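This report refers to the structure that appears directly beneath it.
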Amino acid sequence: MVRGWGWLAPGKGRLLFLVAGLFGTVKALFILDNVARRILRRIILFRDNTCLGAIYSWQTWTVVVMMLLAGVVIRTFVQPGPFIGTVYCAVGWSLCLSSRLGWQQWYRQVHT
């Protein structure tokens, strides 16, 4: 999000941050929250000494790799600027917002 903010134009261009927040919130609530809940259920079923990489299923790891590659492709073919800045801010915000589910689960585990 910090890198994306830096690519947004100063002044009125910063309004794109609000657009990114809107898109990021929609993505978090309708897509990433479901993924986070599924991953949390998976983690809860683990026993000690489970491989850290097992947190995600192979399908989720595939999506992670595809997202990384998409980021590389975007940065290769599109000049950094307001468009990329908006995308980075939207993705960053959606990840931050959906991470609240993991923190809530952690809080419940610690305080029960």
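Everything numeric here is computed off the predicted structure, so don't read it as measured data. Residue numbers start at 1 and run along the sequence shown.
- For the atom pair Leu29 CG and Ser98 OG, the distance stands at 7.0 Å (nearest 0.5 Å).
- Linking Ile, Leu, Val, Met, Phe, Trp and Tyr residues whenever their side-chain heavy atoms come within less than 4.5 Å places Leu8 and Met1 in a single cluster.
- Around atom CZ of Phe83, no more than 12 heavy atoms belonging to other residues, nucleotides or ligands sit under 6.0 Å away.
- Distance CZ/Phe17 to CH2/Trp5: 6.0 Å, rounded to 0.5 Å.
- A 4.5 Å side-chain heavy-atom check between Met66 and Leu69 finds every atom pair outside the cut-off.
- Considering OG1 of Thr112 and OH of Tyr107, their distance stands at 10.5 Å, rounded to 0.5 Å.
- Between the side chain of Arg100 and the backbone N or O of Leu97, at least one donor-acceptor pair lies under 3.5 Å.
- A continuous path of ILVMFWY side-chain contacts below 4.5 Å connects Ile74 to Trp7, so both sit in one hydrophobic cluster.
- Using a 4.5 Å heavy-atom cutoff, the side chains of Ser94 and Thr25 are not in contact.
- Trp93 contributes no side-chain N or O that, together with a main-chain N or O of Ala28, makes up a donor-acceptor pair within less than 3.5 Å.
- Residues Leu101 and Ile43 do not share a hydrophobic cluster, clusters being chains of Ile/Leu/Val/Met/Phe/Trp/Tyr side chains in contact below 4.5 Å.
- The distance from the SG atom of Cys89 to the CG atom of Leu18 is 10.5 Å, given to the nearest 0.5 Å.
- Taking 4.5 Å as the limit, some side-chain heavy atom of Asp33 sits within range of a side-chain heavy atom of Arg37.
- Residues Tyr88 and Arg75 bring a donor and an acceptor atom of their side chains to less than 3.5 Å of each other.
- Environment of CZ in Arg3: sparse, with no more than 12 heavy atoms of neighbouring residues, nucleotides or ligands closer than 6.0 Å.
- Of the listed residues (Gln104, His111, Gln105), just one forms a side-chain hydrogen bond (donor to acceptor under 3.5 Å, both in side chains) with Arg108, and that residue is Gln105.
- Looking at heavy atoms from C-beta onward, Arg42 lies in side-chain contact with Ser57 at the 4.5 angstrom threshold.
- Residues Ile44 and Ile55 do not share a hydrophobic cluster, defined by chaining ILVMFWY side chains whose heavy atoms lie under 4.5 Å apart.
- Taking the side chain as every heavy atom from C-beta outward, Lys27 and Val91 approach each other to under 4.5 Å.
- A single hydrophobic cluster is not seen to contain both Trp61 and Val63; linkage of ILVMFWY side chains at heavy-atom distances under 4.5 Å, directly or through other members, places them apart.
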